[in-house]
Amino acid sequence: MLELHGVHKRFGELHVLRGIDLAVARGSVFCVIGPSGSGKSTLLRCINLLEAPDEGRILLEGTEITGKGSRDGIDFVRRRVGIVFQQFNLFPQRTVLGNVSLAQEKVLDRPADEARAKAESLLRRVGLGDKIDEYPERLSGGQQQRVAIARALAMEPHVMLFDEVTSALDPELIKEVLDVMRELADEGMTMVVVTHEMGFAREVGSQVVFMDEGVVVEQGPPQEVLERPRNERTQRFLGLVLEH
Amino acid sequence: MDVIIEQYFDVSLMIDEFDPVLDGFVQTILLSIFGGVLSLLWGLVLAVLRQLPGRAFAPVRAITIAYIDAFRGIPLLLVLLLISGSFGALALEGVIPRAIGIPTFLGKPDPFWYGVMGLTITYGAYMAEVYRAGIEAIPNGQMEAARSLGMSHGQAMRYVIVPQAVRTVIPPLLNDFIALMKDTSLVSVLGFVEVVQAGRDVQSEFFNSSALTLGALFFLVFTIPLARLVDRLISGQQARFQRAQAGPA
């Protein structure tokens with residue numbers, strides 16, 4: 001479904017991604033863990049072309065998406081890859097319903113009533129059926145993040161990217177978002193999840209990828225990487241994270 | 001003291017000359033409305049042009065920036081005189097269309113439209129900078145979210161960025177509008193009778209400034225409430241911003 005070969009990314013002098021190779025099969029849930037600055041977010045942003053890799057190739061469903069600077073390449077990616085951000089990034093001047101239906105109407109050219117119906121059903125699915133006419137500022141963080149998930153799902157993506165989506169939430173609001181993500185995984189969505197939630201990675205992830213300083217240090221099923229990490233850096237990171 | 005009141009607040013003169021001064025002020029309002037609306041629109045166009053991304057649009061950005069710098073850098077009076085001095089001749093020589101060179105829309109004489117043009121050209125530049133500040137204040141995450149959903153830059157600007165930006169810059173835009181309203185008085189040098197010219201005509205006839213005082217009062221009837229409106233809008237925005245920062249309920 002998604003392949004990365006030798007992906008490098010620099011920001012000026014900073015070499016953030018130093019050769020990433022990854023193969024994400026359809027229906028798998030890749031949980032990417034690692035310290036801050038390891039390049040996890042940059043990795044996600046390269047997958048949906050918010051950043052353009054400096055070297056290497058990325059293939060989505062067999063089609064190469066890097067090196068295609070043209071609009072067509074970017075459209076191809078953005079209509080198949082959805083992303084949910086740590087800061088939600090909901091559109092404040094639109095209602096919840098408006099947020100979920102806007103891109104359907106403008107990008108997919110769906111008629112307004114069809115977009116609205118789909119938006120309502122998705123919002124009900126994430127447990128926000130009664131909030132469709134509210135404005136984002138009146139919702140809790142967990143509710144806003146679930147709207148963001150619905151908004152991305154409305155475009156019917158083939159892959160969903162999650163960039164530390166619970167890191168900005170109060171602890172009691174994290175579960176509701178992880179539950180939605182778990183259901184999504186159970187339904188077979190291909191997901192790449194950057195997270196610090198080790199419990200989620202253990203229970204829902206099919207592969208755990210530990211990144212440090214721009215490279216994949218270790219990768220494997222959660223039982224291996226999280227319980228019996230082979231690499232010393234992985235062990236150190238997990239020791240620190242699991243301490244508290 | 002009596003002399004001051006007689007010179008500036010001769011009420012009977014104000015009453016006698018009320019109609020011509022009011023007529024002049026109606027012209028002031030018309031200039032303000034046409035100039036204001038057009039410069040609000042033109043300013044938005046300039047701001048969007050200035051923001052067009054990518055190397056292909058670099059010349060467009062450069063020209064827009066040059067325009068904005070130029071017309072924020074020279075006095076409105078100069079612009080008005082440049083237009084009125086030569087547009088007629090340019091039209092007669094066929095360099096520019098007659099409708100622009102010698103404009104007479106809606107029965108208004110050409111100095112009126114030269115005035116509207118000058119105000120639009122100049123205040124458009126100021127408003128463009130206000131819009132730009134509003135656009136740049138929108139967090140990057142908004143554009144990223146919109147683009148990630150598949151919207152083009154244009155769609156993201158139109159449906160996500162600009163609607164937010166415009167809401168936040170209404171107070172400074174209103175301030176610019178108040179300034180524009182006062183600057184309509186410069187159109188008087190083109191021989192157009194708005195409120196200042198009307199007041200001057202009375203002043204030169206009666207050697208008394210009361211008609212000008214009356215004109216000033218007409219201005220205050222509009223500018224003071226507008227200024228209070230701006231204050232209320234700003235404090236409303238502050239309150240909402242602080243609520244948003246404090247987090248959800």
Side-chain angles (χ1 to χ4, degrees), chain A residues 41 44-45 47-51 69 71 74-94 98-109 134-144 147-148 151-157 160-161 163 168-170 173, chain B residues 44 47-48 51-58 60 131 133-171 173 233-249:
Chain A
S41 280
L44 283 190
R45 293 162 66 89
I47 294 175
N48 85 332
L49 291 183
L50 277 177
E51 309 285 355
R71 270 217 59 194
I74 295 186
D75 277 353
F76 177 82
V77 170
R78 302 248 171 95
R79 293 186 193 206
R80 285 165 180 71
V81 178
I83 185 167
V84 185
F85 299 93
Q86 182 175 343
Q87 296 302 328
F88 330 141
N89 292 332
L90 293 182
F91 307 138
Q93 81 280 11
R94 298 194 138 237
N99 263 269
V100 181
S101 50
L102 176 64
Q104 290 185 66
E105 290 176 35
K106 305 303 175 189
V107 179
L108 301 178
D109 284 324
E134 295 278 10
Y135 283 91
E137 64 177 4
R138 301 187 56 94
L139 302 184
S140 74
Q143 291 169 328
Q144 290 189 48
V147 174
R151 182 176 67 172
L153 288 175
M155 304 300 285
E156 291 160 13
M160 280 285 280
L161 308 175
D163 193 356
L169 296 179
D170 291 335
L173 300 174
Chain B
L44 183 56
V48 170
Q51 285 277 335
L52 289 174
R55 239 174 346 156
F57 285 115
V60 174
Y131 284 120
I135 289 172
E136 290 184 354
I138 304 294
N140 288 341
Q142 289 290 305
M143 178 58 95
E144 289 180 354
R147 298 304 307 273
S148 295
L149 288 166
M151 288 193 236
S152 66
H153 178 87
Q155 288 177 320
M157 287 294 278
R158 182 166 160 202
Y159 297 111
V160 175
I161 305 292
V162 170
Q164 292 182 54
V166 168
R167 274 172 183 72
T168 55
V169 299
I170 288 178
L173 286 177
L233 287 174
I234 291 182
S235 61
Q237 267 179 16
Q238 296 271 37
R240 284 177 57 216
F241 187 67
Q242 275 160 9
R243 279 205 313 267
Q245 284 200 317

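Below, chain A is the first sequence line, B the second, and so on; all start at residue 1. Quantities reported herein were computed from a predicted structural model and do not represent experimental measurements.
- For the set Q142(B), R167(B), R158(B), the count of heavy-atom pairs under 4.5 angstrom toward chain A peaks at Q142(B).
- Taking CG of L102(A) as the start and CE of M151(B) as the end, the distance is 4.0 Å to the nearest 0.5 Å.
- The side-chain contact (heavy atoms from CB on, under 4.5 Å) test applied to A154(A) returns V100(A), Q104(A), L122(A), not counting sequence neighbours.
- With contacts defined as side-chain heavy-atom distances shorter than 4.5 Å, the pair R78(A)/L149(B) does not qualify.
- For a residue to count as touching a neighbouring chain, one of its non-hydrogen atoms must lie under 4.5 Å from one of that chain's; by this rule V84(A) does not touch chain B.
- Remark: Y159(B) OH to E105(A) CD distance equals 9.0 Å, nearest 0.5 Å.
- If you measure heavy-atom distances from L161(A) to chain B, you find no contacts under 4.5 Å at all.
- With a threshold of 4.5 angstrom between heavy atoms, R45(A) approaches chain B through side-chain atoms but not through N, CA, C or O.
- A donor-acceptor distance shorter than 3.5 angstrom exists from the side chain of Q155(B) to the backbone of K106(A), with no hydrogens or angles considered.
- Looking only at distances, no side-chain donor or acceptor of E144(B) sits under 3.5 Å from a matching main-chain atom of N89(A).
- Separation of atoms OG1 (T168(B)) and CD (Q93(A)) is listed at 11.0 Å; rounding is to 0.5 Å.
- Heavy-atom pairs under 4.5 Å with chain B were tallied for V81(A), L108(A), I83(A), L90(A); the largest tally goes to L90(A).
- The contact between F85(A) and chain B is made entirely by side chain atoms (from C-beta outward), counting heavy-atom distances below 4.5 Å.
- In this structure, F91(A) and I161(B) have side chains that are not in contact, with every pair of non-hydrogen atoms separated by 4.5 Å or more.
- Considering every non-hydrogen atom in both D75(A) and G150(B), the closest pair reads OD1-O, 4.3 Å.
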